[in-house]
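Note that the coordinates shown come from a computational prediction; the quantities given were computed from them, not determined experimentally. Index from 1, following the sequence.
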Amino acid sequence: MNKYIILILLSFILTSENRSKFDWKTNLIPIVGQIKNKEYIKAGLLAGAQFYATDKFLFHNNKDQIAKRNTYAWWIISLYFYGIIDAYVDYSLKNFPRENKKEE
């Protein structure tokens, strides 16, 4: 449990600095990109999913259930890359013009 608290605090420390351009070094840490893009609900859901998958991975690793352990390992990897790609796309599209036409 202490590992998770340290990871969350580290994520908040890294996002507290104002940076004018997208910084790959800090955005390779899961959830940091969503927090920088002010997508707090998405960051919370992604963090919860990653922590759940990690917990299940460790549980099945201790029980020597290799098939289930490998399944959760793939979930961890997939959620990690989803977080990175999603943060990059959100950041890239933040200045995209929105169409505010009313339908008549």
Side-chain angles (χ1 to χ4, degrees):
M1 184 66 181
N2 291 336
K3 294 183 284 187
Y4 300 130
I5 293 172
I6 292 171
L7 181 63
I8 291 170
L9 291 175
L10 180 65
S11 298
F12 283 118
I13 290 169
L14 291 174
T15 59
S16 65
E17 299 176 18
N18 289 330
R19 294 190 176 120
S20 60
K21 58 185 203 177
F22 196 72
D23 187 9
W24 277 103
K25 292 177 185 173
T26 59
N27 287 312
L28 290 178
I29 300 172
I31 300 124
V32 173
Q34 281 76 15
I35 293 172
K36 282 182 133 180
N37 292 330
K38 298 180 182 172
E39 297 282 343
Y40 302 114
I41 295 173
K42 192 184 293 183
L45 290 173
L46 187 59
Q50 288 177 341
F51 290 145
Y52 176 78
T54 303
D55 182 53
K56 288 296 189 177
F57 171 82
L58 294 173
F59 174 76
H60 292 299
N61 189 36
N62 292 336
K63 299 281 184 179
D64 291 329
Q65 297 173 337
I66 296 172
K68 289 184 181 182
R69 181 201 64 189
N70 291 347
T71 300
Y72 285 106
W74 281 108
W75 273 102
I76 292 168
I77 293 168
S78 300
L79 288 168
Y80 177 79
F81 284 112
Y82 170 77
I84 292 173
I85 293 168
D86 180 63
Y88 180 75
V89 170
D90 282 348
Y91 181 80
S92 297
L93 296 178
K94 75 177 182 179
N95 294 325
F96 193 75
R98 294 186 183 189
E99 208 171 303
N100 294 328
K101 292 182 181 177
K102 293 183 180 178
E103 294 184 28
E104 298 178 20

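Among all heavy-atom pairs drawn from G33 and A87, the shortest one is CA-CB, 3.5 Å. In plain terms, the two heavy atoms of G83 and Q34 that are nearest each other are O-NE2, 3.0 Å.
Proximity of a side-chain donor or acceptor of N61 to a complementary backbone N or O of F57 within less than 3.5 Å is not detected. No donor-acceptor pair closer than 3.5 Å links the side chain of Q50 to the backbone N or O of I76. Put simply, the side chain of D90 never gets that close to the backbone of N37: no donor and acceptor are under 3.5 Å apart.
Interatomic distance, H60 NE2 to Q65 CD, rounded to the nearest 0.5 Å: 5.5 Å. Atom NZ of K56 and atom NZ of K68 lie 8.5 Å apart (nearest 0.5 Å). Rounding to the nearest 0.5 Å gives a distance of 10.0 Å between CG of L46 and CD1 of I35. Expressed to the nearest 0.5 Å, how far CD1 of I84 lies from CD1 of I31 amounts to 10.5 Å. Between F51 atom CZ and L79 atom CG the span is 11.5 Å, to the nearest 0.5 Å.
A perpendicular orientation is assigned to the rings of Y72 and Y52, their planes being inclined by more than 60° (bins at 30° and 60°).
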